[in-house]
Number of protein chains: 2
Amino acid sequence: MKLSLRGEYALRALLVLGACYGQEVVRIQSISQQQNIPKRFLEQILNDLKAGGIVESRRGISGGYRLARRPEEITLAAVIRHMEGALAPVSCVSDRFYEKCSCPDESRCAIRSVMKEVRDAVVAITERTTVADLCARSRILNAVPAPSLDYMI
Amino acid sequence: MKLSLRGEYALRALLVLGACYGQEVVRIQSISQQQNIPKRFLEQILNDLKAGGIVESRRGISGGYRLARRPEEITLAAVIRHMEGALAPVSCVSDRFYEKCSCPDESRCAIRSVMKEVRDAVVAITERTTVADLCARSRILNAVPAPSLDYMI
DNA sequence: TTATACTCGACTATGTCAATTGAGATTGAT
DNA sequence: ATCAATCTCAATTGACATAGTCGAGTATAA
């Protein structure tokens, strides 16, 4: 029931690119430092996001990456599906990555029906949350002092 | 975002044991055939469920397995947590399997806050669904003709 | 006492994850 | 034209997980 590091890094990189949307292109180096992600690994991930049409790049000395679409148009579901595959916990309840399972009768499988609920819940959240939402949340979280630390004048 | 086959097999085995609750003990052989699970692999899984206090066994010629508690007391969350670990998509939002992540500031991480929503949704569903619910659903699904096939007299 | 279960540990083949490495192609500035 | 910074692309690696398999052993009812 887990997201790989690869997928998590992709989201973190998109958070940075979302925050810089409309401005210049952002270098891998810069994302790598801000988000604490191994540079050569991030390279691979951004390339993959590019192949998926989620980001675009410019090469050469003033090169870098930017979002290929508006942040409001990029859902977490789309990103995770592209990087990881199915959102569903078992592929017999996945819409786009469906695979038949080994159970005796899929259409009457009780486990399947519960997993469908889980899938729907996950899809609902990740489909309605966009990179723009992520950026907005980030701004709010950073406008306020760190939650767990009290402070006095 | 996926359940392993191991975890799925565990749930399917528990569905069988739940349906036979109160009756005699059930042999691995029988579960293996009903649910189409490799016998020697299932052996391992049932042993693991036993170590987790979820099932109990009797050895010898009329041996087999049964649930260690009432079906209403065994939640899917407990089973999955025992077999697979965290329900959360990233371990920095897991209650019982928490691990620090590499992002610059966990307390202000926007991704974390979305992943917390996902976690809560998954936990809510798996925590309220028990083996007894699974069995009840199964009875309903099997009392009715297969959903996708029309039939005539 | 014996056949039929469960028990336990080791073993294996395959695949995935998380990188690392190296060579190449573009681009802007000088 | 040259150079340096940047993206691009393919291959490789080591560690670990997954999905089994195998064999010898132990308990128990008939």
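By convention in this document, chain letters (A, B, ...) are assigned in the order of the sequence lines, proteins followed by strands, and residues within each chain are numbered from 1.
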Exercise. Per the atom types in the model, does the base of dT20(C) pair as donor or acceptor with the side chain of Gln44(A) at under 3.5 Å?
Worked result: yes

Seminar exercise, completed: note: Asp48(A), atom CG; dC7(D), atom C1'; distance rounded to Å ~ 15 Å

For this session: Could you check which residues of residues 11-32 of chain A get a heavy atom under 4.0 Å from DNA chain C? Sort them by number, please.
Result: none

Exercise. Does Lys2(B) pair with Glu8(B) as a salt bridge, N-O distance under 4.0 Å?
Worked result: no

For this session: Check if the side chain of Glu43(A) and the base of dT6(D) share a donor-acceptor pair of N or O atoms closer than 3.5 Å.
Result: no

Exercise. Does Lys50(B) put a side-chain nitrogen or oxygen below 4.0 Å from OP1 or OP2 of dC6(C)?
Worked result: no

Exercise. Is there side-chain contact between Leu17(B) and Val55(B), with at least one heavy-atom pair below 4.5 Å?
Worked result: yes

Seminar exercise, completed: Taken to the nearest whole Å, CG/Leu5(B) to P/dG15(C) is 15 Å

Problem set entry | 4.5 Å side-chain heavy-atom contact, Tyr21(A) and Arg66(A) | no

Exercise. In whole angstroms, how far is the P atom of dA5(D) from the NZ atom of Lys39(A)?
Worked result: 11 Å

Exercise. Looking at residues 82-90 of chain A, who's got a heavy atom less than 4.0 Å off DNA chain C?
Worked result: none

Problem set entry | Side-chain heavy-atom pair Arg128(B), Thr75(B) within 4.5 angstrom cut-off | no

For this session: Could you tell me whether Glu56(A) and Arg69(A) have a side-chain N and a carboxylate O separated by less than 4.0 Å?
Result: no

Exercise. Over how many whole Å does the gap from Ile45(B) atom CD1 to dC6(C) atom P extend?
Worked result: 14 Å

Exercise. Taking atom C1' of dA19(D) as reference, at what distance in whole Å does atom CG of Asn36(B) sit?
Worked result: 15 Å

Exercise. Is any side-chain nitrogen or oxygen of Tyr9(B) closer than 4.0 Å to OP1 or OP2 of dA19(D)?
Worked result: no

Exercise. Below 4.0 angstrom from OP1 or OP2 of dT7(C), is there any side-chain N or O of Ser57(B)?
Worked result: yes

Exercise. Does some side-chain heavy atom of Ser94(A) sit less than 4.5 Å from a side-chain heavy atom of Glu99(A)?
Worked result: no

Problem set entry | Side-chain N or O of Asn47(B) closer than 4.0 Å to phosphate OP1/OP2 of dC6(C) | no

Problem set entry | Glu117(A) and Arg112(A) ion-paired at < 4.0 Å | no

Problem set entry | Nearest heavy-atom neighbours spanning Glu106(B) and Cys101(B) | OE2-N, 3.1 Å

Exercise. What closest approach, in Å, do Ser32(B) and Leu42(B) show between heavy atoms, and which atom pair accounts for it?
Worked result: N-CD2, 3.6 Å

For this session: Using a strict 4.0 Å threshold on nitrogen-to-oxygen distance, state whether Arg27(B) and Glu43(B) make a salt bridge.
Result: no

For this session: Give the rounded distance in Å between these two atoms: CG of Leu42(B) and P of dT7(C).
Result: 12 Å

For this session: Figure out the CZ/P separation between Phe41(B) and dT7(C), and round it to whole Å.
Result: 17 Å

Problem set entry | Reading 5' to 3' through nucleotides 24-30 of chain C, protein heavy-atom contacts under 4.0 Å coded B for base, S for sugar-phosphate only, - for none | -BBBS--

Exercise. Can you name the closest pair of heavy atoms from Glu127(A) and Ala77(A) and give their distance?
Worked result: OE2-CB, 3.5 Å

For this session: Could you check how far CZ of Arg6(B) sits from P of dG20(D), rounded to whole Å?
Result: 11 Å

For this session: Could you walk me through whether Glu73(A) and Thr130(A) pass the side chain to side chain donor-acceptor pair (under 3.5 Å) test, one step at a time?
Result: CA-CA 7 Å; Glu73(A) 290 171 336; Thr130(A) 66; over 6 Å; no

Exercise. Is the distance from OP1 or OP2 of dT7(C) to the nearest side-chain N or O of Tyr65(B) less than 4.0 Å?
Worked result: yes

